[in-house]
Structure formats: C-alpha cells, structure tokens
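All values below were derived from every heavy atom in this structure, side-chain atoms included, with hydrogens, water molecules and symmetry-related copies excluded.
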Amino acid sequence: MQMPEVDGAALVRRLGVMEPELTRRVVFISGGAYTSETRGFIETVPNLVLEKPVRPEVLMASVDAALDARDEEREPVVARAGGDVTAGGC
C-alpha cells in the first residue's frame, strides 16, 4: 500500500500519541529509497525494517516478532533484499 499523504514516520508518530504501546509492533517495509530524514528516523526507532523484495517467510517471521514485542529495547533490524537480516540498523 502506498501512503501518498502520510509516510511511515508520520504514521508512527500519530500512533505514538493515540496508542503508544502499539508503536513497537510496527514493521516498516521500504523500497530502499531513503532520504536523509528517513534514514535518520529509521536509525532512531527499534522497529523492524524490511527492504523489498521480502521473502514471504521473512515477512511472516517479522510480523510474528512484532506481535510478540515486549517492553524491552531491541536493536533495529533490517532485512535486506533477498532475506539477509542484519542488526544495528541500516
């Protein structure tokens, strides 16, 4: 789904005001075209970031992990095209 009026960062900010406990369950999916503002945002959140194309099993595991998210802090995780997963952001 494209979000022409609201990007993922704005959506998470709004969610943080309305239902802050749900923000840790957001999984970002990106085509990898990051602006400096987007990259800065991604580096500050502990959420999973998947880069397209995403293999179905990686997507399902990521959704499962997000649904199971607890209050503990996690390092940002990026699943790169092809399914390679790296910790520590982009």
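V63 and I29 fall within the same hydrophobic cluster, defined by Ile, Leu, Val, Met, Phe, Trp and Tyr side-chain heavy atoms under 4.5 Å apart, directly or through other members. Under the 4.5 Å side-chain contact rule for hydrophobic residues, M60 and V49 do not share a cluster. Under a hydrophobic clustering in which Ile, Leu, Val, Met, Phe, Trp and Tyr are joined whenever their side-chain heavy atoms come within less than 4.5 Å, directly or via other members, V58 and L67 fall into the same cluster.
Taking CZ from R25 and CG from D68, the interatomic distance works out to 8.0 Å, rounded to the nearest 0.5 Å. Considering CZ of R14 and CD of E19, their distance stands at 15.0 Å, rounded to 0.5 Å. Rounding to the nearest 0.5 Å gives a distance of 9.5 Å between CD of E57 and CG of L59. To the nearest 0.5 Å, the span separating OG on S62 from CG on L48 amounts to 5.0 Å.
With L11 as reference, V6 is the one residue of T23, V26, V6 to meet the side-chain contact (heavy atoms from CB on, under 4.5 Å) rule.
By the 4.5 Å heavy-atom criterion applied to side chains, E51 and F28 are not counted as neighbours. Proximity of F41 to D7: side-chain heavy atoms (C-beta onward) are nowhere separated by under 4.5 Å. Looking only at side-chain heavy atoms (C-beta outward), V27 and N47 stay at 4.5 Å or farther from each other.
Within a 6.0 Å sphere centred on CD of E37, other residues, nucleotides and ligands contribute 12 heavy atoms or fewer.
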